[in-house]
A.B. asks: 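Pasting a structure below so you can have a look.
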There are 2 protein chains.
Amino acid sequence: MAPSITTTHDRLLEAAGEVFADAGFREARIRDICARAGANIAAVNYHFGGKEGLYRAVLEHAECHAGGAVALDAMARLDPEDQLRAFVRGFMARMFEQGKPAWQGKLMVREMADPTEALDRVVERIIRPHWELLVEIVARVAGPGVDRESVELCAASVIGQCVLYRNCGPIIDRLSPGHRQARNDREAAQATIERTARHIADFSLGALAAMRARARADGGPA
Amino acid sequence: MAPSITTTHDRLLEAAGEVFADAGFREARIRDICARAGANIAAVNYHFGGKEGLYRAVLEHAECHAGGAVALDAMARLDPEDQLRAFVRGFMARMFEQGKPAWQGKLMVREMADPTEALDRVVERIIRPHWELLVEIVARVAGPGVDRESVELCAASVIGQCVLYRNCGPIIDRLSPGHRQARNDREAAQATIERTARHIADFSLGALAAMRARARADGGPA
DNA sequence: GGTTGTTTAAAACACCTGTTTTACCTTGAG
DNA sequence: CTCAAGGTAAAACAGGTGTTTTAAACAACC
(Lines give C-alpha, C1' and ligand atoms only; values in the text may rest on other atoms or scores of the structure.)
Protein backbone atom coordinates (compact mmCIF):
# COMPACT_ATOMS: atom_id res chain seq x y z
CA MET A 1 0.00 0.00 0.00
CA ALA A 2 1.16 3.48 -0.73
CA PRO A 3 2.02 5.00 2.62
CA SER A 4 1.85 8.51 1.23
CA ILE A 5 -1.74 9.31 0.51
CA THR A 6 -3.52 9.25 3.82
CA THR A 7 -3.07 9.20 7.54
CA THR A 8 -1.82 6.19 9.45
CA HIS A 9 -5.32 5.63 10.76
CA ASP A 10 -6.76 5.38 7.28
CA ARG A 11 -3.92 3.37 5.81
CA LEU A 12 -4.36 0.92 8.65
CA LEU A 13 -8.06 0.66 7.94
CA GLU A 14 -7.39 0.08 4.28
CA ALA A 15 -4.75 -2.58 4.83
CA ALA A 16 -6.81 -4.29 7.50
CA GLY A 17 -9.76 -4.48 5.14
CA GLU A 18 -7.72 -6.40 2.61
CA VAL A 19 -6.08 -8.71 5.09
CA PHE A 20 -9.23 -9.47 7.08
CA ALA A 21 -11.19 -10.10 3.91
CA ASP A 22 -8.60 -12.47 2.53
CA ALA A 23 -7.48 -14.25 5.67
CA GLY A 24 -10.34 -13.85 8.13
CA PHE A 25 -10.10 -12.37 11.57
CA ARG A 26 -8.23 -15.16 13.30
CA GLU A 27 -5.67 -15.86 10.61
CA ALA A 28 -5.00 -12.20 9.96
CA ARG A 29 -1.76 -11.03 11.61
CA ILE A 30 -1.62 -7.48 12.79
CA ARG A 31 2.08 -7.41 11.98
CA ASP A 32 1.09 -8.17 8.40
CA ILE A 33 -1.51 -5.43 8.40
CA CYS A 34 0.95 -2.94 9.80
CA ALA A 35 3.57 -3.89 7.25
CA ARG A 36 1.12 -3.26 4.41
CA ALA A 37 0.07 0.01 5.95
CA GLY A 38 3.66 1.07 6.52
CA ALA A 39 2.78 1.58 10.15
CA ASN A 40 4.20 0.50 13.45
CA ILE A 41 2.68 -2.39 15.32
CA ALA A 42 1.68 -0.20 18.25
CA ALA A 43 -0.40 1.96 15.95
CA VAL A 44 -3.19 -0.59 15.91
CA ASN A 45 -3.57 -0.37 19.64
CA TYR A 46 -3.19 3.39 19.65
CA HIS A 47 -5.81 4.09 17.02
CA PHE A 48 -8.23 1.22 17.47
CA GLY A 49 -7.57 -0.21 20.89
CA GLY A 50 -6.58 -3.61 19.60
CA LYS A 51 -7.17 -6.17 16.90
CA GLU A 52 -10.85 -6.50 17.68
CA GLY A 53 -11.34 -2.77 17.59
CA LEU A 54 -9.66 -2.63 14.23
CA TYR A 55 -11.91 -5.40 12.95
CA ARG A 56 -15.00 -3.55 14.15
CA ALA A 57 -13.77 -0.38 12.49
CA VAL A 58 -13.26 -2.25 9.23
CA LEU A 59 -16.79 -3.61 9.46
CA GLU A 60 -18.21 -0.14 10.02
CA HIS A 61 -16.16 1.15 7.14
CA ALA A 62 -17.41 -1.68 4.94
CA GLU A 63 -21.01 -0.99 5.91
CA CYS A 64 -20.73 2.55 4.64
CA HIS A 65 -19.43 1.38 1.31
CA ALA A 66 -22.23 -1.11 0.91
CA GLY A 67 -23.09 0.21 -2.49
CA GLY A 68 -26.39 -0.42 -4.18
CA ALA A 69 -26.09 -4.16 -4.20
CA VAL A 70 -28.87 -4.69 -1.73
CA ALA A 71 -31.50 -2.90 -3.71
CA LEU A 72 -34.53 -4.63 -4.99
CA ASP A 73 -35.61 -1.38 -6.55
CA ALA A 74 -32.78 -1.50 -9.03
CA MET A 75 -34.10 -4.81 -10.26
CA ALA A 76 -37.77 -4.01 -9.90
CA ARG A 77 -38.39 -4.11 -13.61
CA LEU A 78 -36.92 -7.54 -14.06
CA ASP A 79 -38.73 -10.85 -13.94
CA PRO A 80 -38.33 -12.57 -10.59
CA GLU A 81 -36.27 -15.16 -12.45
CA ASP A 82 -33.88 -12.55 -13.72
CA GLN A 83 -33.78 -11.00 -10.28
CA LEU A 84 -32.54 -14.29 -8.93
CA ARG A 85 -29.96 -14.51 -11.69
CA ALA A 86 -28.79 -11.02 -10.90
CA PHE A 87 -28.63 -11.74 -7.20
CA VAL A 88 -26.53 -14.85 -7.65
CA ARG A 89 -24.19 -13.15 -10.08
CA GLY A 90 -23.76 -10.20 -7.75
CA PHE A 91 -23.26 -12.39 -4.73
CA MET A 92 -20.61 -14.47 -6.44
CA ALA A 93 -18.87 -11.38 -7.72
CA ARG A 94 -18.74 -9.92 -4.23
CA MET A 95 -17.06 -13.03 -2.95
CA PHE A 96 -14.39 -13.27 -5.60
CA GLU A 97 -13.72 -9.81 -6.87
CA GLN A 98 -10.73 -7.91 -5.70
CA GLY A 99 -10.66 -4.42 -4.34
CA LYS A 100 -12.60 -2.52 -1.76
CA PRO A 101 -16.10 -3.23 -2.98
CA ALA A 102 -15.55 -6.91 -2.36
CA TRP A 103 -14.60 -6.57 1.29
CA GLN A 104 -18.13 -6.77 2.47
CA GLY A 105 -18.86 -9.97 0.65
CA LYS A 106 -15.65 -11.61 1.70
CA LEU A 107 -16.02 -10.59 5.31
CA MET A 108 -19.57 -11.89 5.24
CA VAL A 109 -18.46 -15.28 4.00
CA ARG A 110 -15.53 -15.36 6.40
CA GLU A 111 -17.86 -14.69 9.28
CA MET A 112 -20.01 -17.56 8.04
CA ALA A 113 -17.15 -20.00 8.04
CA ASP A 114 -15.56 -18.82 11.25
CA PRO A 115 -17.67 -16.51 13.41
CA THR A 116 -16.14 -13.87 15.67
CA GLU A 117 -17.42 -11.70 18.49
CA ALA A 118 -18.82 -9.37 15.86
CA LEU A 119 -21.08 -12.05 14.40
CA ASP A 120 -24.31 -10.47 15.61
CA ARG A 121 -23.40 -7.13 14.17
CA VAL A 122 -22.32 -8.66 10.86
CA VAL A 123 -25.50 -10.65 10.61
CA GLU A 124 -27.78 -7.70 11.29
CA ARG A 125 -25.97 -5.08 9.26
CA ILE A 126 -24.52 -6.99 6.36
CA ILE A 127 -25.92 -10.47 6.00
CA ARG A 128 -29.57 -9.93 6.85
CA PRO A 129 -30.18 -7.31 4.15
CA HIS A 130 -28.86 -9.71 1.53
CA TRP A 131 -30.88 -12.50 3.07
CA GLU A 132 -34.15 -10.59 3.15
CA LEU A 133 -33.68 -9.60 -0.45
CA LEU A 134 -33.01 -13.17 -1.50
CA VAL A 135 -35.99 -14.49 0.44
CA GLU A 136 -38.17 -11.89 -1.24
CA ILE A 137 -36.94 -12.89 -4.68
CA VAL A 138 -37.27 -16.60 -4.00
CA ALA A 139 -40.79 -16.08 -2.70
CA ARG A 140 -41.75 -14.38 -5.94
CA VAL A 141 -40.21 -17.08 -8.07
CA ALA A 142 -41.78 -19.84 -6.02
CA GLY A 143 -45.16 -18.23 -6.16
CA PRO A 144 -47.79 -17.72 -3.47
CA GLY A 145 -48.43 -21.39 -2.84
CA VAL A 146 -45.15 -22.03 -1.07
CA ASP A 147 -44.98 -21.31 2.65
CA ARG A 148 -42.41 -19.14 4.32
CA GLU A 149 -40.41 -21.99 5.81
CA SER A 150 -39.95 -23.64 2.45
CA VAL A 151 -38.97 -20.33 0.92
CA GLU A 152 -36.28 -19.90 3.53
CA LEU A 153 -34.99 -23.39 2.96
CA CYS A 154 -34.77 -22.61 -0.74
CA ALA A 155 -32.96 -19.36 -0.08
CA ALA A 156 -30.51 -21.29 2.06
CA SER A 157 -30.05 -23.71 -0.81
CA VAL A 158 -29.08 -20.86 -3.09
CA ILE A 159 -26.63 -19.42 -0.58
CA GLY A 160 -25.15 -22.83 0.10
CA GLN A 161 -24.36 -23.35 -3.54
CA CYS A 162 -22.67 -19.97 -3.76
CA VAL A 163 -20.67 -20.23 -0.59
CA LEU A 164 -19.31 -23.64 -1.46
CA TYR A 165 -17.16 -22.22 -4.19
CA ARG A 166 -15.68 -19.65 -1.89
CA ASN A 167 -14.93 -21.92 1.03
CA CYS A 168 -14.04 -25.17 -0.65
CA GLY A 169 -11.99 -24.02 -3.61
CA PRO A 170 -9.06 -26.37 -3.06
CA ILE A 171 -11.28 -29.41 -2.86
CA ILE A 172 -13.34 -28.51 -5.90
CA ASP A 173 -10.13 -28.02 -7.83
CA ARG A 174 -9.02 -31.51 -6.91
CA LEU A 175 -12.34 -33.22 -7.51
CA SER A 176 -13.28 -31.50 -10.71
CA PRO A 177 -10.09 -30.45 -12.46
CA GLY A 178 -11.92 -29.06 -15.44
CA HIS A 179 -13.45 -26.46 -13.20
CA ARG A 180 -10.10 -25.22 -11.94
CA GLN A 181 -10.28 -21.57 -11.12
CA ALA A 182 -7.39 -19.89 -12.83
CA ARG A 183 -6.25 -17.76 -9.95
CA ASN A 184 -3.83 -15.63 -11.89
CA ASP A 185 -5.72 -15.18 -15.11
CA ARG A 186 -8.29 -12.57 -14.22
CA GLU A 187 -10.34 -13.08 -17.35
CA ALA A 188 -10.50 -16.85 -17.05
CA ALA A 189 -11.44 -16.57 -13.39
CA GLN A 190 -14.14 -14.08 -14.26
CA ALA A 191 -15.53 -16.40 -16.90
CA THR A 192 -15.55 -19.33 -14.48
CA ILE A 193 -17.41 -17.30 -11.91
CA GLU A 194 -19.89 -16.17 -14.51
CA ARG A 195 -20.48 -19.72 -15.67
CA THR A 196 -20.83 -21.02 -12.14
CA ALA A 197 -23.27 -18.28 -11.23
CA ARG A 198 -25.35 -19.10 -14.27
CA HIS A 199 -25.44 -22.75 -13.27
CA ILE A 200 -26.48 -21.95 -9.71
CA ALA A 201 -29.26 -19.66 -10.91
CA ASP A 202 -30.52 -22.18 -13.47
CA PHE A 203 -30.31 -25.05 -11.02
CA SER A 204 -32.24 -23.09 -8.43
CA LEU A 205 -34.80 -21.82 -10.91
CA GLY A 206 -35.44 -25.37 -12.02
CA ALA A 207 -35.96 -26.44 -8.45
CA LEU A 208 -38.24 -23.52 -7.71
CA ALA A 209 -40.28 -24.11 -10.86
CA ALA A 210 -40.83 -27.68 -9.78
CA MET A 211 -41.79 -26.51 -6.32
CA ARG A 212 -44.20 -23.97 -7.74
CA ALA A 213 -45.82 -26.54 -9.97
CA ARG A 214 -46.16 -28.93 -7.08
CA ALA A 215 -47.63 -26.29 -4.80
CA ARG A 216 -50.14 -25.40 -7.47
CA ALA A 217 -51.06 -29.03 -7.96
CA ASP A 218 -51.43 -29.53 -4.22
CA GLY A 219 -53.09 -26.29 -3.30
CA GLY A 220 -55.08 -25.39 -6.38
CA PRO A 221 -57.63 -28.18 -6.56
CA ALA A 222 -57.88 -28.50 -2.80
CA MET B 1 -13.50 -40.45 28.38
CA ALA B 2 -12.99 -43.55 30.42
CA PRO B 3 -9.24 -43.84 30.92
CA SER B 4 -9.55 -47.44 31.98
CA ILE B 5 -10.43 -49.49 28.98
CA THR B 6 -7.51 -49.27 26.63
CA THR B 7 -3.92 -48.22 26.30
CA THR B 8 -2.81 -44.62 26.28
CA HIS B 9 -2.14 -44.90 22.56
CA ASP B 10 -5.71 -45.90 21.83
CA ARG B 11 -7.31 -43.51 24.28
CA LEU B 12 -5.35 -40.73 22.64
CA LEU B 13 -6.57 -41.78 19.23
CA GLU B 14 -10.14 -41.88 20.45
CA ALA B 15 -10.01 -38.50 22.15
CA ALA B 16 -8.22 -36.94 19.20
CA GLY B 17 -10.92 -38.21 16.86
CA GLU B 18 -13.59 -36.40 18.83
CA VAL B 19 -11.67 -33.18 19.25
CA PHE B 20 -10.40 -32.98 15.69
CA ALA B 21 -13.87 -33.73 14.34
CA ASP B 22 -15.49 -31.06 16.46
CA ALA B 23 -12.85 -28.34 16.39
CA GLY B 24 -10.80 -29.03 13.28
CA PHE B 25 -7.06 -29.52 13.16
CA ARG B 26 -5.96 -25.98 13.84
CA GLU B 27 -8.39 -25.16 16.64
CA ALA B 28 -7.86 -28.49 18.36
CA ARG B 29 -5.53 -28.21 21.36
CA ILE B 30 -3.40 -31.17 22.18
CA ARG B 31 -3.67 -30.28 25.85
CA ASP B 32 -7.41 -30.71 25.46
CA ILE B 33 -6.99 -34.03 23.71
CA CYS B 34 -4.64 -35.27 26.41
CA ALA B 35 -6.99 -34.17 29.15
CA ARG B 36 -9.83 -36.15 27.59
CA ALA B 37 -7.59 -39.14 27.15
CA GLY B 38 -6.28 -38.88 30.69
CA ALA B 39 -2.80 -38.79 29.26
CA ASN B 40 0.21 -36.58 29.63
CA ILE B 41 0.99 -33.95 27.03
CA ALA B 42 4.25 -35.61 26.10
CA ALA B 43 2.41 -38.78 25.18
CA VAL B 44 1.29 -37.29 21.87
CA ASN B 45 4.85 -36.77 20.80
CA TYR B 46 5.97 -40.11 22.15
CA HIS B 47 3.33 -42.18 20.39
CA PHE B 48 2.63 -40.16 17.27
CA GLY B 49 5.56 -37.85 16.81
CA GLY B 50 3.50 -34.70 17.10
CA LYS B 51 0.13 -33.13 16.44
CA GLU B 52 0.29 -33.79 12.72
CA GLY B 53 1.20 -37.40 13.24
CA LEU B 54 -1.74 -37.79 15.56
CA TYR B 55 -4.03 -36.22 12.98
CA ARG B 56 -2.77 -38.59 10.30
CA ALA B 57 -3.29 -41.52 12.62
CA VAL B 58 -6.85 -40.39 13.29
CA LEU B 59 -7.49 -40.15 9.57
CA GLU B 60 -6.17 -43.65 9.00
CA HIS B 61 -8.28 -44.89 11.85
CA ALA B 62 -11.32 -43.16 10.40
CA GLU B 63 -10.67 -44.64 6.97
CA CYS B 64 -10.83 -48.15 8.39
CA HIS B 65 -14.17 -47.46 9.99
CA ALA B 66 -15.60 -46.08 6.79
CA GLY B 67 -18.59 -48.36 7.01
CA GLY B 68 -20.80 -49.15 4.06
CA ALA B 69 -21.90 -45.61 3.44
CA VAL B 70 -20.09 -45.30 0.17
CA ALA B 71 -21.76 -48.22 -1.49
CA LEU B 72 -23.90 -47.80 -4.51
CA ASP B 73 -24.57 -51.51 -4.41
CA ALA B 74 -26.59 -51.15 -1.25
CA MET B 75 -28.88 -48.77 -3.05
CA ALA B 76 -28.79 -50.52 -6.39
CA ARG B 77 -32.41 -51.49 -6.21
CA LEU B 78 -33.65 -47.97 -5.58
CA ASP B 79 -34.72 -45.44 -8.16
CA PRO B 80 -31.99 -42.90 -8.89
CA GLU B 81 -34.22 -40.37 -7.18
CA ASP B 82 -34.35 -42.38 -4.00
CA GLN B 83 -30.63 -42.98 -4.26
CA LEU B 84 -30.14 -39.25 -4.17
CA ARG B 85 -32.47 -38.94 -1.19
CA ALA B 86 -30.54 -41.66 0.60
CA PHE B 87 -27.22 -40.04 -0.20
CA VAL B 88 -28.27 -36.66 1.12
CA ARG B 89 -29.76 -38.15 4.26
CA GLY B 90 -26.63 -40.20 4.90
CA PHE B 91 -24.34 -37.29 4.20
CA MET B 92 -26.20 -35.00 6.56
CA ALA B 93 -26.30 -37.66 9.24
CA ARG B 94 -22.55 -38.13 8.99
CA MET B 95 -21.98 -34.46 9.53
CA PHE B 96 -24.23 -34.07 12.55
CA GLU B 97 -24.34 -37.40 14.34
CA GLN B 98 -22.28 -37.93 17.38
CA GLY B 99 -19.97 -40.83 18.04
CA LYS B 100 -17.24 -42.55 16.16
CA PRO B 101 -19.07 -43.21 12.89
CA ALA B 102 -19.48 -39.49 12.37
CA TRP B 103 -15.79 -38.66 12.59
CA GLN B 104 -15.20 -39.25 8.95
CA GLY B 105 -17.94 -36.93 7.84
CA LYS B 106 -16.99 -34.19 10.25
CA LEU B 107 -13.32 -34.41 9.40
CA MET B 108 -14.24 -34.27 5.73
CA VAL B 109 -16.24 -31.09 6.18
CA ARG B 110 -13.59 -29.59 8.42
CA GLU B 111 -10.98 -30.22 5.79
CA MET B 112 -13.25 -28.50 3.31
CA ALA B 113 -13.57 -25.38 5.40
CA ASP B 114 -9.96 -25.26 6.51
CA PRO B 115 -7.54 -27.52 4.64
CA THR B 116 -4.44 -28.97 6.25
CA GLU B 117 -1.31 -30.69 5.00
CA ALA B 118 -3.34 -33.87 4.83
CA LEU B 119 -5.80 -32.39 2.35
CA ASP B 120 -4.64 -34.52 -0.58
CA ARG B 121 -4.93 -37.68 1.42
CA VAL B 122 -8.35 -36.75 2.76
CA VAL B 123 -9.60 -35.88 -0.69
CA GLU B 124 -8.41 -39.12 -2.26
CA ARG B 125 -9.33 -41.51 0.53
CA ILE B 126 -12.45 -39.99 2.02
CA ILE B 127 -13.98 -37.26 -0.08
CA ARG B 128 -13.51 -38.62 -3.58
CA PRO B 129 -15.39 -41.87 -2.95
CA HIS B 130 -18.40 -39.90 -1.75
CA TRP B 131 -18.02 -37.52 -4.67
CA GLU B 132 -17.82 -40.22 -7.32
CA LEU B 133 -20.88 -41.86 -5.88
CA LEU B 134 -22.82 -38.63 -5.90
CA VAL B 135 -21.77 -37.80 -9.45
CA GLU B 136 -22.91 -41.23 -10.52
CA ILE B 137 -26.30 -40.79 -8.88
CA VAL B 138 -26.77 -37.29 -10.25
CA ALA B 139 -25.86 -38.47 -13.72
CA ARG B 140 -28.57 -41.12 -13.55
CA VAL B 141 -31.17 -38.68 -12.31
CA ALA B 142 -30.24 -36.10 -14.90
CA GLY B 143 -30.36 -38.62 -17.68
CA PRO B 144 -28.01 -39.20 -20.59
CA GLY B 145 -28.56 -35.84 -22.23
CA VAL B 146 -26.62 -33.86 -19.65
CA ASP B 147 -22.89 -33.58 -20.11
CA ARG B 148 -20.31 -34.42 -17.48
CA GLU B 149 -19.47 -30.84 -16.59
CA SER B 150 -23.06 -29.99 -15.85
CA VAL B 151 -23.43 -33.14 -13.80
CA GLU B 152 -20.44 -32.13 -11.69
CA LEU B 153 -21.83 -28.66 -11.21
CA CYS B 154 -25.08 -30.19 -10.03
CA ALA B 155 -23.27 -32.52 -7.67
CA ALA B 156 -21.46 -29.52 -6.26
CA SER B 157 -24.82 -27.83 -5.81
CA VAL B 158 -26.02 -30.74 -3.72
CA ILE B 159 -22.91 -30.76 -1.58
CA GLY B 160 -23.04 -27.01 -1.16
CA GLN B 161 -26.55 -27.17 0.24
CA CYS B 162 -25.54 -29.85 2.70
CA VAL B 163 -22.32 -28.28 3.87
CA LEU B 164 -23.97 -24.93 4.50
CA TYR B 165 -25.87 -26.28 7.47
CA ARG B 166 -22.74 -27.68 9.01
CA ASN B 167 -20.52 -24.64 8.56
CA CYS B 168 -22.95 -21.79 8.96
CA GLY B 169 -25.12 -23.02 11.80
CA PRO B 170 -24.86 -19.86 13.90
CA ILE B 171 -25.89 -17.63 11.02
CA ILE B 172 -28.78 -19.79 9.94
CA ASP B 173 -30.03 -19.80 13.50
CA ARG B 174 -30.02 -16.02 13.52
CA LEU B 175 -31.54 -15.53 10.08
CA SER B 176 -34.20 -18.17 10.27
CA PRO B 177 -35.13 -18.64 13.92
CA GLY B 178 -37.79 -21.19 13.12
CA HIS B 179 -35.12 -23.49 11.85
CA ARG B 180 -33.10 -23.34 15.05
CA GLN B 181 -31.28 -26.55 15.58
CA ALA B 182 -32.03 -27.68 19.10
CA ARG B 183 -28.54 -28.66 20.08
CA ASN B 184 -29.44 -30.37 23.29
CA ASP B 185 -32.61 -32.12 22.30
CA ARG B 186 -31.37 -35.05 20.29
CA GLU B 187 -34.75 -35.94 18.89
CA ALA B 188 -35.60 -32.44 17.76
CA ALA B 189 -32.17 -32.07 16.18
CA GLN B 190 -32.62 -35.38 14.42
CA ALA B 191 -35.98 -34.26 13.09
CA THR B 192 -34.56 -30.99 11.84
CA ILE B 193 -31.77 -32.79 10.05
CA GLU B 194 -34.24 -35.17 8.52
CA ARG B 195 -36.45 -32.35 7.33
CA THR B 196 -33.53 -30.39 5.94
CA ALA B 197 -32.21 -33.42 4.12
CA ARG B 198 -35.60 -33.99 2.57
CA HIS B 199 -35.73 -30.40 1.40
CA ILE B 200 -32.26 -30.58 -0.13
CA ALA B 201 -33.11 -33.79 -1.96
CA ASP B 202 -36.45 -32.45 -3.23
CA PHE B 203 -34.92 -29.14 -4.25
CA SER B 204 -32.16 -30.89 -6.14
CA LEU B 205 -34.48 -33.41 -7.74
CA GLY B 206 -36.66 -30.58 -8.98
CA ALA B 207 -33.65 -28.87 -10.47
CA LEU B 208 -32.42 -32.07 -12.09
CA ALA B 209 -35.84 -32.87 -13.50
CA ALA B 210 -35.93 -29.45 -15.11
CA MET B 211 -32.45 -29.99 -16.46
CA ARG B 212 -33.39 -33.39 -17.82
CA ALA B 213 -36.46 -32.01 -19.52
CA ARG B 214 -34.47 -29.21 -21.05
CA ALA B 215 -31.73 -31.54 -22.25
CA ARG B 216 -34.35 -33.74 -23.87
CA ALA B 217 -35.98 -30.77 -25.52
CA ASP B 218 -32.65 -29.50 -26.79
CA GLY B 219 -31.04 -32.76 -27.76
CA GLY B 220 -33.99 -34.92 -28.77
CA PRO B 221 -35.30 -33.16 -31.83
CA ALA B 222 -31.86 -32.06 -32.98
C1' DG C 1 11.07 29.89 21.87
C1' DG C 2 9.20 27.00 25.09
C1' DT C 3 5.45 24.03 26.27
C1' DT C 4 1.98 20.85 25.75
C1' DG C 5 -0.61 17.27 23.55
C1' DT C 6 -0.55 14.01 19.76
C1' DT C 7 1.52 10.59 17.03
C1' DT C 8 5.19 7.33 15.94
C1' DA C 9 8.95 3.93 16.85
C1' DA C 10 11.52 0.19 19.06
C1' DA C 11 11.74 -2.85 22.46
C1' DA C 12 10.00 -5.52 25.98
C1' DC C 13 6.19 -8.08 27.79
C1' DA C 14 2.77 -11.77 28.65
C1' DC C 15 0.29 -15.41 26.92
C1' DC C 16 -0.68 -19.44 24.40
C1' DT C 17 0.74 -23.67 22.08
C1' DG C 18 3.48 -27.46 20.27
C1' DT C 19 7.68 -29.59 21.46
C1' DT C 20 11.53 -31.39 24.07
C1' DT C 21 13.97 -32.63 28.07
C1' DT C 22 14.75 -34.99 32.25
C1' DA C 23 13.78 -37.96 35.72
C1' DC C 24 10.81 -41.49 37.47
C1' DC C 25 7.96 -45.58 37.39
C1' DT C 26 6.57 -50.15 35.77
C1' DT C 27 7.48 -54.47 33.82
C1' DG C 28 9.62 -58.66 32.54
C1' DA C 29 13.76 -61.39 31.55
C1' DG C 30 18.03 -63.43 33.26
C1' DC D 1 17.48 -59.42 42.96
C1' DT D 2 19.29 -56.78 38.94
C1' DC D 3 18.90 -54.58 35.22
C1' DA D 4 17.41 -53.00 30.84
C1' DA D 5 13.45 -51.25 28.04
C1' DG D 6 9.29 -49.11 27.41
C1' DG D 7 6.12 -45.98 29.04
C1' DT D 8 4.71 -41.90 31.88
C1' DA D 9 4.91 -37.42 34.37
C1' DA D 10 6.30 -32.70 35.36
C1' DA D 11 8.72 -29.06 34.01
C1' DA D 12 11.22 -26.33 30.95
C1' DC D 13 11.71 -24.72 26.24
C1' DA D 14 10.99 -22.23 21.73
C1' DG D 15 8.25 -19.89 18.46
C1' DG D 16 4.67 -16.94 17.35
C1' DT D 17 1.14 -13.40 18.48
C1' DG D 18 -1.42 -9.51 20.58
C1' DT D 19 -0.42 -6.04 23.82
C1' DT D 20 2.02 -2.62 26.62
C1' DT D 21 5.67 0.32 27.80
C1' DT D 22 8.99 3.85 27.13
C1' DA D 23 10.97 7.34 24.82
C1' DA D 24 11.50 10.13 20.80
C1' DA D 25 9.62 13.03 16.96
C1' DC D 26 6.29 16.22 15.54
C1' DA D 27 2.76 19.92 15.50
C1' DA D 28 0.05 23.50 17.49
C1' DC D 29 -0.35 27.06 20.63
C1' DC D 30 0.78 30.75 24.14
Side-chain angles (χ1 to χ4, degrees), chain A residues 1-61 107 110-111 114-119, chain B residues 1-61 107 110-111 114-119:
Chain A
M1 288 297 94
S4 49
I5 17 182
T6 47
T7 74
T8 298
H9 178 282
D10 289 352
R11 274 179 289 133
L12 231 31
L13 212 51
E14 206 79 11
E18 297 175 20
V19 176
F20 281 138
D22 282 342
F25 177 75
R26 261 170 265 270
E27 286 306 305
R29 304 299 162 209
I30 80 173
R31 280 173 171 81
D32 183 15
I33 293 170
C34 290
R36 289 204 198 193
N40 187 274
I41 316 170
V44 167
N45 255 282
Y46 179 79
H47 287 285
F48 301 97
K51 191 182 181 183
E52 277 196 27
L54 178 56
Y55 187 64
R56 276 193 295 270
V58 167
L59 288 179
E60 282 183 42
H61 194 219
L107 289 170
R110 278 288 168 190
E111 200 76 26
D114 191 16
T116 72
E117 296 283 331
L119 176 63
Chain B
M1 286 297 95
S4 50
I5 15 182
T6 46
T7 73
T8 297
H9 177 281
D10 289 352
R11 272 180 291 134
L12 230 33
L13 211 52
E14 206 79 11
E18 297 175 19
V19 176
F20 281 138
D22 282 343
F25 177 75
R26 259 170 268 269
E27 286 306 306
R29 303 301 160 203
I30 81 173
R31 280 172 170 82
D32 183 16
I33 293 170
C34 290
R36 288 204 199 193
N40 187 274
I41 316 171
V44 167
N45 256 282
Y46 180 80
H47 286 287
F48 301 96
K51 190 182 181 183
E52 278 197 28
L54 178 57
Y55 187 64
R56 275 194 295 270
V58 167
L59 288 178
E60 281 183 42
H61 195 219
L107 289 170
R110 278 290 167 189
E111 200 76 26
D114 191 17
T116 72
E117 296 283 331
L119 177 62

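By convention in this document, chain letters (A, B, ...) are assigned in the order of the sequence lines, proteins followed by strands, and residues within each chain are numbered from 1. None of these values were measured; they are calculated from a predicted model.
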A.B. asks: Whole Å only: how far is the CD atom of A:E117 from the P atom of D:dG18?
C.D. replies: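 In whole Å, D:dG18 P lies 15 Å from A:E117 CD.
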
A.B. asks: Using a distance-only criterion (donor-acceptor N/O pair, under 3.5 Å, no hydrogens), is the base of D:dG16 paired with the side chain of A:R31?
C.D. replies: no

A.B. asks: Taking OP1 and OP2 of D:dG7, is either one under 4.0 Å from a side-chain nitrogen or oxygen of B:T8?
C.D. replies: no

A.B. asks: Classify the nucleic acid contact of A:A42 as base, sugar-phosphate or nothing, counting any heavy atom under 4.0 Å across all strands shown.
C.D. replies: base

A.B. asks: To the nearest Å, give me how far apart NE2 (B:H47) and P (D:dG6) are.
C.D. replies: 12 Å

A.B. asks: For A:D22, does its backbone N or O pair with a side-chain atom of A:R110 as donor and acceptor, under 3.5 Å?
C.D. replies: yes

A.B. asks: What is the distance, rounded to the nearest whole Å, between atom CD1 of B:I41 and atom C1' of D:dC13?
C.D. replies: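 Atom CD1 in B:I41 sits about 13 Å away from atom C1' in D:dC13.
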
A.B. asks: Given C:dT7, is OP1 or OP2 found less than 4.0 Å from the side-chain N or O atoms of A:H9?
C.D. replies: no

A.B. asks: Taking only the side-chain nitrogens and oxygens of B:N45, find out if one of them lies under 4.0 Å from OP1 or OP2 of C:dT20.
C.D. replies: yes

A.B. asks: Less than 3.5 Å apart, any donor N or O on the side chain of A:E14 or A:T6 sitting next to an acceptor on the other?
C.D. replies: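 No, A:T6 and A:E14 have no side-chain donor paired with an acceptor closer than 3.5 Å.
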
A.B. asks: Is B:E52 salt-bridged to B:R56, cutoff N-O under 4.0 Å?
C.D. replies: yes

A.B. asks: Hey, is the side chain of A:R29 pairing donor to acceptor with the base of D:dG18 inside 3.5 Å?
C.D. replies: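 Under the 3.5 Å cut-off, the side chain and the base do not form any donor-acceptor pair.
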
